[in-house]
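Report on the following structure.
Chain identifiers are assigned alphabetically (A, B, ...) following the order of the sequence lines, protein sequences preceding nucleic acid strands; residue numbering begins at 1 within each chain.
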Protein chains: 2
Amino acid sequence: MKKKQTAESRILEADQTRTNILEVATREFADKGLAGARIDEIAEKTNSSKRMIYYYFGGKDGLYEAVLERAYGHIRKREAERLFETMPADEALRALIELTFDYHASHPDFVRLVMNENIHHGDHIGKIPGIKERNRSVIASLKTIIDKGVAARLFRKGVDPVDLHMSISALCFFNVSNRYTFEANFGVDLGSPKTQKKRRAQIADIILAWMKAD
Amino acid sequence: MKKKQTAESRILEADQTRTNILEVATREFADKGLAGARIDEIAEKTNSSKRMIYYYFGGKDGLYEAVLERAYGHIRKREAERLFETMPADEALRALIELTFDYHASHPDFVRLVMNENIHHGDHIGKIPGIKERNRSVIASLKTIIDKGVAARLFRKGVDPVDLHMSISALCFFNVSNRYTFEANFGVDLGSPKTQKKRRAQIADIILAWMKAD
DNA sequence: CCGTATATATGAACTAGTTAGTACATAAAG
DNA sequence: CTTTATGTACTAACTAGTTCATATATACGG
């Protein structure tokens with residue numbers, strides 16, 4: 001398959017191999033959890049081999065941590081929050097909530113990895129460098145919106161941005177994380193486009209009702 | 001250890017053995033997940049033996065399903081909702097939310113089992129007989145409260161009780177399910193009494209603000 | 001510019017330890 | 001003598017991780 005190589009093409013290929021392994025492993029860990037996923041199965045689905053997993057990532061835990069770090073790296077890239085600077089605070093907040101909802105809905109793997117990490121008592125997330133720093137920017141964005149809303153007498157005073165973030169996250173996260181049990185318990189498919197569309201607006205309504213000045 | 005037995009004492013002991021196994025297995029499955037828990041480890045922590053796990057529950061999956069059924073059996077026993085019949089609708093709803101919050105906070109094993117079941121795509125929850133029926137009563141209770149609140153012009157019209165339940169569940173569930181990642185991301189311990197107390201009231205505030213008539 | 005050492009990358013087969021599940025024997029009660 | 005309950009020892013399959021061999025490209029001294 002591989003013909004003559006230069007230094008660059010070699011580095012490139014190695015990088016592709018690493019990325020390919022991470023993509024496959026992300027799917028497997030998200031699907032079956034850290035304990036449930038199998039190294040041999042991941043290796044098989046890869047364009048590469050088991051040997052290379054150990055070569056690049058050291059072992060199952062190393063691979064899992066790399067997968068987790070990559071997943072968290074993706075979510076914090078949406079610094080599009082600056083877009084909201086020109087909007088009124090309530091519209092900005094709604095837009096931010098919808099963005100959060102959409103991210104969760106379109107990244108079930110991320111949600112499932114987080115679930116799994118909680119099953120494992122957060123033993124690996126602590127190893128990701130600078131994770132708190134990355135999240136601070138989300139809180140800062142929310143604080144800006146809150147302050148602006150309070151100044152415009154649209155929002156109540158005294159809401160902690162961390163609480164606000166927690167509430168938005170909880171509502172958006174649950175929609176993906178508890179999809180299967182909710183379906184079994186209530187016969188509602190949280191993944192259907194119709195339910196999603198309704199819920200997306202509803203979550204924003206809930207948060208805005210709470211934030212609203214009396 | 002065991003002396004002379006009668007038929008009854010034998011049945012009783014057998015029942016204690018089964019219960020003991022289920023208790024131990026609940027902790028283990030909640031702690032490590034279905035794939036992560038080990039039959040040998042469960043057996044060791046039991047007053048009984050591995051042999052009896054297979055005798056009573058058939059295998060790992062059978063044991064897990066029995067654990068899941070038992071956990072779901074417990075949560076639906078709080079039919080204390082009738083207590084709220086005498087209260088105004090908003091107070092009743094707040095009380096119900098606080099009850100839900102407390103249940104989640106004091107049963108992390110249940111929350112973690114549900115998380116795990118979602119990791120496994122709800123493959124086992126479907127096997128629990130009559131699970132939908134059991135949940136219908138929760139929705140019915142909520143509907144009663146909503147209707148009463150609407151009649152008293154305390155609540156908005158048109159809120160679907162399933163949506164209301166979903167929102168309450170999401171907020172209460174997240175507080176337990178995402179404890180470890182939230183701590184790692186934001187340095188907030190959702191399990192501390194102070195945070196819990198604040199959050200308990202806050203969740204009720206959020207839902208009530210949304211339900212309130214304009 | 002050639003040869004040799006060195007770092008990077010990869011394949012194939014193997015292994016030690018684990019893990020779910022079973023076989024067989026037995027004991028007590030009805 | 002049959003049903004229920006239980007202890008001991010075993011096994012077949014799996015699973016993470018390793019060993020050894022090797023190919024290719026670059027570094028570097030002569």
Side-chain angles (χ1 to χ4, degrees), chain A residues 1-22 24-29 31-68 116 120 123-124, chain B residues 1-22 24-29 31-68 116 120 123-124:
Chain A
M1 228 170 215
K2 285 149 206 165
K3 291 269 169 170
K4 204 165 49 182
Q5 288 180 320
T6 66
E8 280 144 70
S9 80
R10 245 190 129 181
I11 291 169
L12 197 80
E13 268 188 47
D15 216 61
Q16 282 175 340
T17 299
R18 252 191 302 265
T19 304
N20 175 243
I21 292 173
L22 283 175
V24 172
T26 297
R27 278 197 296 275
E28 287 294 305
F29 284 132
D31 198 45
K32 294 165 195 160
L34 170 54
R38 299 290 165 235
I39 289 281
D40 286 292
E41 213 175 322
I42 293 170
E44 223 170 71
K45 294 182 180 173
T46 286
N47 296 329
S48 183
S49 68
K50 182 171 170 176
R51 181 70 186 72
M52 295 316 291
I53 293 177
Y54 284 89
Y55 185 67
Y56 284 127
F57 302 102
K60 196 182 189 184
D61 277 14
L63 179 58
Y64 174 74
E65 276 157 31
V67 162
L68 201 64
N116 190 71
H120 290 278
D123 283 345
H124 306 86
Chain B
M1 232 169 212
K2 284 151 207 165
K3 292 269 169 168
K4 202 163 46 179
Q5 287 182 320
T6 65
E8 280 144 70
S9 79
R10 241 188 133 185
I11 292 170
L12 197 80
E13 268 188 47
D15 216 62
Q16 282 174 340
T17 299
R18 251 190 303 265
T19 304
N20 175 242
I21 291 172
L22 283 175
V24 173
T26 297
R27 279 196 296 274
E28 287 294 305
F29 283 133
D31 197 46
K32 295 164 195 159
L34 170 56
R38 299 290 166 234
I39 289 280
D40 286 293
E41 212 175 322
I42 293 170
E44 224 170 72
K45 294 183 181 173
T46 286
N47 296 327
S48 184
S49 69
K50 183 171 170 176
R51 181 69 187 74
M52 294 315 292
I53 293 176
Y54 283 90
Y55 184 66
Y56 283 127
F57 302 101
K60 195 182 189 184
D61 278 14
L63 179 58
Y64 173 75
E65 276 157 30
V67 161
L68 202 64
N116 191 71
H120 289 278
D123 282 346
H124 306 87

Between [atom2] of [N] and [atom1] of [X], the distance in whole Å:
| X | N | atom1 | atom2 | result |
| --- | --- | --- | --- | --- |
| Arg51(B) | dG7(D) | CZ | C1' | 9 Å |
| Tyr64(A) | dT15(D) | OH | C1' | 19 Å |
| Asn47(B) | dA5(D) | CG | P | 17 Å |
| Lys60(A) | dT18(C) | NZ | P | 15 Å |
| Leu63(A) | dA16(D) | CG | C1' | 12 Å |
| Ile53(B) | dG7(D) | CD1 | C1' | 14 Å |
| Met52(B) | dG21(C) | CE | P | 17 Å |
| Lys50(B) | dG7(D) | NZ | C1' | 13 Å |

| query | Would one find more than 12 heavy atoms of other residues, nucleotides or ligands at under 6.0 Å from atom CD of Glu44(A)? | reply | no
| field | Side-chain N,O (Tyr56(B)) to OP1/OP2 (dT6(D)) below 4.0 Å | value | yes
| request: Check whether any side-chain nitrogen or oxygen of Ser49(B) sits under 4.0 Å from OP1 or OP2 of dT6(D), and answer yes or no. | output: no
| query | Which comes earlier along DNA chain D counting from the 5' end, the contact point of Tyr55(B) or that of Arg38(A), where each point is its nearest nucleotide? | reply | Tyr55(B)
| request: Specify the residue among Thr17(B) and Tyr54(A) whose closest nucleotide of DNA chain D lies further upstream toward the 5′ end. | output: Thr17(B)
| message | Are Phe29(A) and Leu34(A) packed together at the side-chain level, in the sense that at least one heavy-atom pair is separated by less than 4.5 angstrom? | response | yes
| Between Arg38(B) and Glu28(B), does at least one N-O distance fall below 4.0 Å, as a salt bridge requires? | no
| request: Working to the nearest 0.5 Å, report the span between CE of Met52(B) and CZ of Phe57(B). | output: 9.5 Å
| Of the nucleotides dA12(C), dG21(C), dA16(D), which one has an atom closest to the side chain of Asp40(A)? | dA16(D)
| request: Scan Ala43(B) against the nucleic acid and name what it touches under 4.0 Å (heavy atoms): base, sugar-phosphate only, or nothing. | output: nothing
| said: Heavy-atom nearest nucleotide on DNA chain C for Ala35(B) versus Arg18(A): which residue maps closer to 5'? | reply: Arg18(A)
| Going through the checks in order, is the side-chain contact (heavy atoms from CB on, under 4.5 Å) test met by Thr17(A) and Asn47(A)? | CA-CA 7 Å; Thr17(A) 299; Asn47(A) 296 329; over 6 Å; no
